[in-house]
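To start, the structure under review is shown below, and the notes come after it.
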Amino acid sequence: MSDVAGAAGRRLLLGLVLLLGAGLLTAPLATAAPACPAVALFAVAGTNETSEAADPARSVGLLAGLTDPLARRWGDDLSVRYVPYPASLDRPVLYPFSEGRGAERLARDAGGLAARCPDTTITLVGFSQGADVVSDVVHRATNGTIALSPDRIAGAVMLGSPRRDPRAPNLLDTPGRGILGPRPTRELDVYDGRVYEVCAPGDPICATETLDVTVFRDGWASGAHRSYPSVEIDGVPLFTVLERAMDAVVARATTGPVS
């Protein structure tokens with residue numbers, strides 16, 4: 001195998017297992033408790049894509065292009081829940097309060113499921129401000145400040161996070177950092193490669209150097225910030241890579257797709 005082909009193979013393998021902890025690859029199949037899904041995927045939409053009144057069972061925003069095919073393919077074996085939160089920059093609440101409410105809701109919902117369903121595999125994905133929410137929760141879990149332990153988070157992916165740390169595990173080699181500055185990378189060590197950042201080239205929200213109010217206000221709607229469905233990893237669209245990763249997670253927890 002050539003070096004180029006080898007690198008591509010390694011990247012695709014990384015994509016296939018990025019949501020799989022080592023324990024998931026070797027653990028025997030678990031039987032979930034009644035009314036508990038085999039796998040739960042909590043999706044957190046981006047700025048202006050949802051609200052606190054949104055229906056958690058209804059997909060919204062950019063992430064719908066990832067979660068809808070998975071939901072159709074896996075049926076009841078995969079529970080996809082969208083986190084209702086303000087998702088605003090200044091209305092109805094300022095960004096820090098919006099993100100904080102999202103983190104509290106995700107922590108409560110995922111923590112409640114983890115307590116109620118000990119055999120359910122829990123995964124997280126967030127885009128834009130939703131990626132900030134996911135980042136907040138995985139760090140809070142590490143610090144023990146929420147009722148969700150790091151070992152219950154089988155995998156998390158953050159797309160276009162304003163809190164992106166360029167030193168964190170990343171599926172794309174994009175320079176720069178999140179516009180709001182990174183959370184401590186060392187707090188991700190406990191996840192042993194189960195938490196990933198993805199920053200598209202030129203995305204002003206996750207690939208900047210300094211805080212700029214104009215970029216912060218306008219960057220959320222930029223083309224680069226919304227390019228994640230089509231951005232490629234060694235020629236394969238990112239959403240295809242992430243779908244394959246989730247397929248591997250659910251297949252491991254069940255007997256196979258519904259169709």
Side-chain angles (χ1 to χ4, degrees), residues 40-68 70-71 79-113 122-141 146 148 153 156-164 177-183 195-200 203-208 211-229 231 238-239 242:
L41 173 59
F42 288 92
V44 193
T47 299
N48 297 327
E49 291 187 334
T50 189
S51 71
E52 285 188 296
D55 179 358
R58 183 175 181 179
S59 61
V60 294
L62 181 140
L63 290 177
L66 170 65
T67 63
D68 283 354
L70 289 165
S79 172
V80 177
R81 305 295 290 178
Y82 275 74
V83 176
Y85 78 111
S88 62
L89 292 179
D90 54 7
R91 299 177 184 176
V93 295
L94 293 174
Y95 181 94
F97 298 101
S98 172
E99 184 280 321
R101 288 187 190 177
E104 291 296 333
R105 179 62 185 262
L106 174 58
R108 184 175 78 241
D109 290 356
L113 180 66
I122 296 174
T123 58
L124 317 173
V125 62
F127 163 63
S128 189
Q129 185 175 164
D132 192 356
V133 169
V134 170
S135 171
D136 197 349
V137 167
V138 297
H139 281 82
R140 290 192 195 189
I146 58 176
L148 179 67
I153 300 174
V157 179
M158 296 161 283
L159 311 179
S161 173
R163 300 300 299 268
R164 173 218 169 194
R177 64 177 181 83
I179 195 168
L180 296 182
R183 294 185 171 91
V195 173
Y196 278 83
E197 298 270 11
V198 184
C199 183
D203 184 344
I205 299 302
C206 60
T208 188
L211 174 61
D212 182 283
V213 174
T214 301
V215 173
F216 180 77
R217 186 186 66 232
D218 300 336
W220 309 92
S222 68
H225 188 57
R226 302 197 64 82
S227 68
Y228 290 92
V231 68
L238 171 66
F239 272 23
L242 296 180

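Side-chain atoms are counted along with the backbone in the values below, which use heavy atoms only and exclude waters and symmetry mates. Worth saying up front: this structure is predicted, and the values here are computed from it rather than measured.
In this structure Tyr95 satisfies the ring pair (Phe, Tyr, Trp, His ring centres under 6.0 Å) test together with Phe216, Trp220, sequence neighbours excluded. A search for side-chain contact (heavy atoms from CB on, under 4.5 Å) contacts involving Ala207 returns Arg164, Thr174, Cys199, not counting sequence neighbours. Applying the side chain to side chain donor-acceptor pair (under 3.5 Å) test to Ser79 and every residue at least two apart in sequence or in another chain returns nothing. When the side-chain contact (heavy atoms from CB on, under 4.5 Å) test is applied to Asp68, the partners found at least two apart in sequence or on another chain are Ser59, Ala64, Arg72. Under the side-chain contact (heavy atoms from CB on, under 4.5 Å) criterion, Arg183 pairs with Glu99, Asp132, Ser135, Asp136, His139, Arg163, not counting sequence neighbours. Contacts of Thr50 classified as side chain to side chain donor-acceptor pair (under 3.5 Å), with partners at least two apart in sequence or in another chain: none. Scanning for side chain to side chain donor-acceptor pair (under 3.5 Å) contacts around Tyr228 gives Asp203, with sequence neighbours left out.
Under a 3.5 Å cut-off, the side chain of Tyr85 and the backbone N or O of Ala45 do form a donor-acceptor pair. The main-chain N or O of Val93 is never found under 3.5 Å from a side-chain atom of Ser98 such that the two would form a donor-acceptor pair. Of the possible donor and acceptor atoms, none in the side chain of Ser161 sits under 3.5 Å from a partner among the backbone N and O of Gln129. At least one donor-acceptor pair closer than 3.5 Å links the side chain of Tyr82 to the backbone N or O of Leu63.
In this structure, Ala156 and Val134 approach most closely via the heavy-atom pair CB-CG1, 4.0 Å. Of all non-hydrogen atoms in Ala110 and Ile122, the two that sit nearest each other are O-CD1, 3.8 Å. Taking every heavy atom of both residues into account, Ser128 and Pro162 meet most closely at O-CD, 3.5 Å. Taking both residues in full, the closest heavy atoms of Arg140 and Ala103 are given as NH2-CB, 3.9 Å, listed atom of the first, atom of the second, then distance. Of all the heavy atoms in Leu148 and Ala141, the pair that sits closest is O-CB, 3.2 Å. Taking all atoms of both residues into account, the shortest heavy-atom contact from Ala224 to Ser227 is O-OG, 2.7 Å.
For residues 41-65, the salt bridge (charged side-chain N to carboxylate O under 4.0 Å, His left out) pairs, not counting sequence neighbours, are Glu49-Arg226, Glu52-Arg101.
For the pair Leu62 and Pro229, the minimum side-chain heavy-atom distance is below 4.5 Å. Using a 4.5 Å heavy-atom cutoff, the side chains of Leu159 and Phe239 are in contact. Looking only at side-chain heavy atoms (C-beta outward), Glu197 and Pro182 stay at 4.5 Å or farther from each other. A 4.5 Å side-chain heavy-atom check between Leu106 and Leu124 finds at least one atom pair inside the cut-off.
Atoms CG and OG1, on Leu242 and Thr67 in that order, are 11.5 Å from each other to the nearest 0.5 Å. Separating the NE2 atom in His225 from the CZ atom in Phe127 is a distance of 4.0 Å, to the nearest 0.5 Å.
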- [ ] List the steps, then state whether side chain to side chain contact (heavy atoms under 4.5 Å, CB included) holds for Phe42 with Val137.
- [x] CA-CA 12 Å; Phe42 288 92; Val137 167; over 6 Å; no
